[in-house]
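Because the structure is a prediction, the values reported are computed rather than measured.
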Amino acid sequence: MPLLNHILRNRITISHSILSLNHHFLLIPLATMTSAAASAVDDAKHGFSRPEMYKDNLAGTVDAYDRHVFLCYKNHLAWPPRVEASDADPLPKSVATAFRARKNDIAVKTKITVCEAREEVGFSDGDVLIFPEMIKYRGLEESNVDSFFDDVMVSGKAWSGGGVHDVLTGSHIFVCAHGSRDVRCGVCGPVLMQKLNDEIELRGLKDQISVVACSHIGGHKYAGNLIVYSPGPDGKIMGHWYGYVTPNDVPALLDQHIAKGEVIQKLWRGQMGPPIAGVNGTDDKKLANGNDTGKAKKNDVESNNLSNNENVVGCCQGVNGVSCCRSTSFEQNKEIGETTEAHKKQGSKISWNWPVLQEREILTTAGILGALAAVAVGYGFYRRSG
């Protein structure tokens, strides 16, 4: 009875405390719900649970090539939709122009892609990474692009015009996170990069594996897309492309592919160089090598590495004809200081969250009223029994 008397004497204080809790502490759950609801909408429309996931056979969706060159340039959030054609980005544009001009003189079938400059993994603006040679040239600038192409790309010799070169070691993972080009890559890519870095750190492999964002590599609809350059079972550097990769696949990529040299067939799109024995993916062995005429031709246009500037209609086609391509308004937004990250916090996401917030508030209010009613009933019972 003393406890009940104490509660009844302080019933007004209890009511005020409940209201105070509602005002002060529900702000955090509501804010969390806002973020969670936005993430759920993104994932359902453009992320790992979108309807088009796992709809296509991936094997053979990479056209044949024998060398991959990456130009390290800025942060991936700063890239316009077509970084290779942007007047505001003269270095990638100069590289693309030089590549097109000398394409017929380059004996090795080559892809060129932009990747982000990340000082923490040793990649700076103007660095050029070359696989499978595992070479990094430093100091590429707009003024010396021609000499680089003449010496390294065409003649196959050391760059005489400058640029110190280093030997790359370990394994390198390039994740398509070109969000200004395609929404799916912008949603899936950063999540995969975070998961990869987390798992790499857990295994103590930060000094052995680098994870870097790269620009569009073709096949937006297969996001998450990534490429792994690492030593194969025989020690040779291999380049394997994977699609439909989700965070749940990351441990297998590290423990199966990189650690053991075993290809994950269900996610495998193709590879650099000749095919691997026993990795078919389809009934047609040509497709496993990416040499099917029709599919390779399509991907040559769709890949849009620095060698290609065509604005191909349908390259970003999504489910039921819905396009996920970013528009050229990115350039206008960039001029007023907005970034890709800012876009993610605007527009439709806010309107999607309002119904969730309203429902939460209604349930919270109902809970408070229920608590007050319980106190009132208890007090009435006490009065009658006294």
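Between the side chain of Trp241 and the main chain of Ala59, no donor-acceptor pair closer than 3.5 Å is present. In this structure, the side chain of Arg50 engages the main chain of Gly47 through a donor-acceptor pair within 3.5 Å. Side chain of Glu116 to main chain of Ala213: a donor-acceptor pair is present (N/O by atom type, distance under 3.5 Å, no hydrogens or angles). The main-chain N or O of Met193 is found under 3.5 Å from a side-chain atom of Asn197 such that the two form a donor-acceptor pair. In this structure, the side chain of Lys236 does not engage the main chain of Pro132 through any donor-acceptor pair within 3.5 Å. In this structure, Tyr137 contributes its side chain and Gly126 its backbone to no donor-acceptor pair below 3.5 Å. Looking at Ser86, its side chain does come within 3.5 Å of a backbone N or O of Ala88 through a donor-acceptor pair.
With no hydrogens or angles considered, a side-chain donor-acceptor pair links Arg269 and Asn225 at under 3.5 Å.
The two residues Ser210 and Phe123 make their nearest non-hydrogen contact at OG-CE1, 4.2 Å. Minimum interatomic distance between Glu142 and Ser94 (heavy atoms only, all atoms of both residues): CG-OG, 3.1 Å.
The shortest side-chain heavy-atom distance between Leu91 and Val145 falls under the 4.5 Å cut-off. Contact annotation: the side chain of Ile173 approaches that of Ile258 to within less than 4.5 Å [non-hydrogen atoms, C-beta and beyond]. Ile237 has its side chain out of reach of Ser230: every pair of non-hydrogen atoms, C-beta onward, lies at least 4.5 Å apart.
Between Trp159 and His165, the ring centre distance reaches or exceeds 6.0 Å.
At least one test fails for Lys109 against the ring of Tyr65: distance under 6.0 Å to the centre or angle within 45° of the axis.
Within 6.0 Å of CD in Glu120 there are more than 12 heavy atoms belonging to other residues, nucleotides or ligands. The neighbour count for Asp207 CG, taken as heavy atoms of other residues, nucleotides or ligands under 6.0 Å away, does not exceed 12.
Distance CD/Glu84 to CZ/Arg82: 6.0 Å, rounded to 0.5 Å. Note: Ser147 OG to Met153 CE = 13.0 Å, rounded to the nearest 0.5 Å.
When His240, His68, His172 are each tested for a ring-ring contact (aromatic ring centres under 6.0 Å, His included) with Phe131, only one passes: His172.
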